[in-house]
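Notes follow once the structure below has been shown.
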Amino acid sequence: MEEKKNDLPEETGKEMVTPAQLEAQLSSLVQQLASQLEAGAQAESQRKEMLDSREADLKKREMNAKVREELEKRGLPIQLSHGLAFAAPEEMEEGIDALEARFRAAVQQGVEARLLIDAPKAAPIKPLSEMTDEDYYAAIYRREI
């Protein structure tokens, strides 16, 4: 009959590991794994924050481009886009509508104010006795034309 071999390692002159030592080693490994998991979770959190920040910047740039495009389409100065910040296209439409109405009203008011200013006065006309024939006829023809 054959003898069964033990699955236990043969003693090679090394000391046997005690249960307390084994427990200490396992505890150390558990702590290392926990710290690695925590570091990985923190790195993932930072990566997610960075991606969220990039996405927000991209959305902001896209919305600014849409605002500039809409202002240009409506014939408004695109420099006005620097002061406009919208989160959604619906807000953009409402905001630009209000801006356009106010802008056009301000331009109209400026035009009307400018038209109310007196026209520049013509140079004083010399008395007829001091005018030469050339001056007299030049002044008359300028008024008729």
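Excluded from the calculations below are hydrogen atoms, water molecules and symmetry mates; all remaining heavy atoms, backbone and side chain alike, are included.
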With side-chain contact (heavy atoms from CB on, under 4.5 Å) as the criterion, how do Leu71 and Leu99 come out once you've worked through the C-alpha distance, each side chain's angles and the decisive distance to 0.1 Å? CA-CA 10 Å; Leu71 289 173; Leu99 174 73; 4.0 Å; yes
Could you walk me through whether Val107 and Arg104 satisfy the side-chain contact (heavy atoms from CB on, under 4.5 Å) test, starting with their C-alpha distance in whole Å, then the side-chain angles of each, then the deciding distance to 0.1 Å, before giving a yes or no? CA-CA 5 Å; Val107 168; Arg104 301 233 184 261; 5.6 Å; no
Side chains of Lys48 and Leu51 in contact at under 4.5 Å (non-hydrogen atoms): no
CG of Leu84 to CZ of Arg68: how many Å apart, nearest 0.5 Å? 11.0 Å
Between Lys59 and Glu62, is the closest basic N to carboxylate O distance under 4.0 Å? no
Crowded around Glu23 CD? As in, over 12 foreign heavy atoms under 6.0 Å? no
Distance-only side-chain donor-acceptor flag, Glu38 / Gln42, under 3.5 Å: no
Rounded to the nearest 0.5 Å, what's the gap from CG on Leu80 to CZ on Phe103? Could you check? 6.0 Å
Which atom of Tyr136 lies closest to which atom of Met131, heavy atoms considered: CA-SD, 3.9 Å
Mind running salt bridge (Lys or Arg N to Asp or Glu O under 4.0 Å) on Glu69 and Lys66 for me, showing each step along the way? CA-CA 5 Å; Glu69 183 180 305; Lys66 287 179 183 179; over 6 Å; no
Say you draw a straight line from CG of Leu116 to CZ of Arg114; how long is it, rounded to the nearest 0.5 Å? 11.5 Å
Would you sort out whether Gln21 and Gln25 count as a side-chain hydrogen bond (donor to acceptor under 3.5 Å, both in side chains), showing the intermediate values? CA-CA 6 Å; Gln21 291 172 334; Gln25 288 177 351; over 6 Å; no
Examine distances only and state if a side-chain atom of Glu70 and a backbone atom of Val67 form a donor-acceptor pair shorter than 3.5 Å. no
Point-to-point distance, once rounded to the nearest 0.5 Å, from OG of Ser81 to CE of Met63: 13.0 Å
If hydrophobic clusters are built from ILVMFWY residues whose side chains come within less than 4.5 Å, do Leu76 and Val111 share one? yes
NZ/NE/NH1/NH2 to OD/OE distance under 4.0 Å, Glu93 and Arg74: yes
Should Gln32 and Leu29 count as side-chain neighbours, where that means a heavy-atom distance under 4.5 Å? yes
Tell me whether Asp57 is salt-bridged to Arg61, with the criterion being a basic N under 4.0 Å from an acidic carboxylate O. no
